[in-house]
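Single-structure report; data block below.
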Protein chains: 2
Amino acid sequence: MATVNSYSGDMPTPDRTSLDQIVSAARDILEAEGLAGLTMQSVASAVGVRAPSLYKRVQSRDDLIRLVAEATVQELSTRLEPGATVADYASEFRAFALERPAGFQLVMAPGAHLPRPGVEYLLAATEPLLRATALLAGEEHALDAARTVTAWATGFIGMELSGGFNLGGDVEAAWDYGVERLVAAISA
Amino acid sequence: MATVNSYSGDMPTPDRTSLDQIVSAARDILEAEGLAGLTMQSVASAVGVRAPSLYKRVQSRDDLIRLVAEATVQELSTRLEPGATVADYASEFRAFALERPAGFQLVMAPGAHLPRPGVEYLLAATEPLLRATALLAGEEHALDAARTVTAWATGFIGMELSGGFNLGGDVEAAWDYGVERLVAAISA
DNA sequence: ACCTGAACACCGTTCAAGT
DNA sequence: ACCTGAACACCGTTCAAGT
């Protein structure tokens, strides 16, 4: 006679985890252990299953990494509210990067052989910046200006995260100097 | 009786490879196969020995990666001749990055858990740029200006390499626009 | 002295077998 | 239907044994 916890013929077993839980655990492991530490086993263990079970929800480790990247851009998008100035946008961009450095790097500077988030996620994140740069540089230079600001901010943050500022000096002051100069540079 | 090729007691066997050859092979593999493809076995096979032999010249895979990063910065340094303008410097920087994208990324945007080249290598590479920015921005802003230019160029190239320019538009024109604006921005 | 095979503890991934 | 152990082909690294 079947008890509540035993197998009862053809009754489907309840799911022991979910894709959301897997991606969320993967994001935390990425920040704590780096990309090399993001293994199928570590993720599986974090959500309470064995590694092979992950393949029910995810096609491969690369697929999981792509989902992590997409969740990261999506979170970034919600942080970058429309209506902000270019300086606000840059500030929020940097704050996010310092909170989730590994995720930020995965999105903004992935290695050549790493999966990239779908274009639609990147477009959503750059939308509000484009509106801010249009105000400064004019509609016809909005894209160039947005790229210039994004490139600078991404490069700056990357150097900051990888300790590239070992020549000394005040990092905050260097950021403020850069924002000020960039904004002036793209203003028509 | 011993022949030429057989072991003759205590005579040391001639080295079958060298550290230079190992690092050089590793750099080529990095570009061709990515960091994940840079395995001790692939490097060993490229230089004609077995993986365990590499540990005679290299402490670990991470140590080898550090040596690769340092050789890459060193090559970059020799390319960045003193006396160049900021625009020249940026151009050469980008040309190098497009030739050795994986090495460039390893040096300029390493993940948090990757080995970094020693500071002396980075200092040597930034020296000529500091002299160029001093001419434009004045001695007291030379460092801030150099960081701003380097951050922008690194970010731009990173976006270019990772396909971040999928919103369309002319990448060369965007580069020229950025250089022009940056140079103007840091000029006193 | 340098190099190697064998071994160990890990990876990602597949698949038949369990419930 | 979901989950698992066992298996396979890989990793990095160590070490005793070969020359």
Side-chain angles (χ1 to χ4, degrees), chain A residues 1-23 25-26 29-30 32-69 106 111 113-115, chain B residues 1-23 25-26 29-30 32-69 106 111 113-115:
Chain A
M1 182 174 121
T3 71
V4 178
N5 285 327
S6 70
Y7 185 61
S8 65
D10 51 7
M11 190 172 71
T13 57
D15 294 6
R16 234 165 282 182
T17 183
S18 69
L19 184 58
D20 272 2
Q21 203 189 350
I22 288 169
V23 172
I29 292 171
L30 173 65
E33 315 284 346
L35 194 56
L38 177 53
T39 68
M40 298 304 272
Q41 317 214 12
S42 66
V43 173
S45 151
V47 302
V49 298
R50 301 288 187 169
S53 298
L54 297 180
Y55 291 86
K56 282 281 153 181
R57 337 243 174 207
V58 141
Q59 247 174 343
S60 63
R61 179 173 178 266
D62 266 8
D63 189 41
L64 175 56
I65 290 172
R66 183 185 52 82
L67 292 169
V68 165
L106 182 62
H113 297 252
L114 283 178
Chain B
M1 182 175 121
T3 71
V4 177
N5 284 327
S6 71
Y7 185 60
S8 64
D10 49 8
M11 190 171 74
T13 58
D15 293 8
R16 235 166 281 184
T17 183
S18 68
L19 183 58
D20 272 2
Q21 203 189 351
I22 289 169
V23 172
I29 292 171
L30 173 65
E33 315 285 345
L35 193 56
L38 177 54
T39 68
M40 297 303 272
Q41 317 214 11
S42 67
V43 173
S45 151
V47 302
V49 298
R50 300 288 187 169
S53 298
L54 297 180
Y55 291 85
K56 282 282 154 182
R57 337 239 175 213
V58 141
Q59 247 174 342
S60 64
R61 179 172 178 266
D62 266 8
D63 188 41
L64 175 55
I65 291 173
R66 183 185 51 81
L67 292 169
V68 165
L106 182 62
H113 297 252
L114 282 178

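Letters go in sequence order (proteins before strands), and every chain restarts at 1.
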Next item on the list: Measure across A:A26 and A:V68 and return the closest heavy-atom pair with its distance rounded to 0.1 Å.
Entry: CB-CG2, 3.6 Å
Closest to the [X] side chain: [options]?
| X | options | value |
| --- | --- | --- |
| A:K56 | D:dC2, C:dC3, D:dT4 | D:dC2 |
| A:P52 | C:dT4, C:dG12, D:dG5 | D:dG5 |
| B:R16 | C:dT13, C:dC3, D:dG5 | C:dC3 |
| B:M40 | D:dG5, D:dT13, C:dC3 | D:dT13 |
| A:Y55 | D:dT14, D:dT4, C:dT13 | C:dT13 |

To the nearest Å, how far apart are [X] [atom1] and [N] [atom2]?
| X | N | atom1 | atom2 | answer |
| --- | --- | --- | --- | --- |
| B:R50 | D:dT13 | CZ | C1' | 16 Å |
| B:L54 | C:dT4 | CG | C1' | 12 Å |
| B:L35 | D:dG12 | CG | P | 11 Å |
| B:L19 | C:dC2 | CG | P | 13 Å |
| B:I22 | C:dC3 | CD1 | P | 8 Å |
| A:L64 | C:dC11 | CG | C1' | 15 Å |

Between [X] and [N], does any side-chain N or O lie under 4.0 Å from OP1 or OP2?
| X | N | value |
| --- | --- | --- |
| A:Q41 | C:dC10 | no |
| B:R61 | D:dG12 | yes |
| A:R57 | D:dC3 | yes |

Next item on the list: Would you check if the side chain of B:T17 reaches a backbone N or O of B:I22 as a donor-acceptor pair within less than 3.5 Å?
Entry: no
Roughly how far, to the nearest 0.5 Å, is [atom2] of [Y] from [atom1] of [X]?
| X | Y | atom1 | atom2 | value |
| --- | --- | --- | --- | --- |
| B:D15 | B:R57 | CG | CZ | 4.5 Å |
| A:L106 | A:R66 | CG | CZ | 11.5 Å |
| B:T39 | B:E33 | OG1 | CD | 9.0 Å |
| A:R16 | A:R50 | CZ | CZ | 11.0 Å |

Note to self: Only Watson-Crick and G-U wobble pairs, only distances under 3.5 Å, only runs of 3 or more: what stems does that leave for DNA chain D?
What the structure shows: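 Output for stems: C:4-8 with D:12-16, C:12-16 with D:4-8.
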Notebook entry, point to check: Using a cut-off of 4.0 Å on non-hydrogen atoms, how would the nucleic acid contact of A:S53 be classed: base, sugar-phosphate, or nothing?
Noted result: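 Base: the residue A:S53, judged by heavy atoms under 4.0 Å, touches a nucleobase.
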Checklist line | Side chain proximity check, B:I65 to B:L30, heavy atoms < 4.5 angstrom | finding: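 Not in contact.
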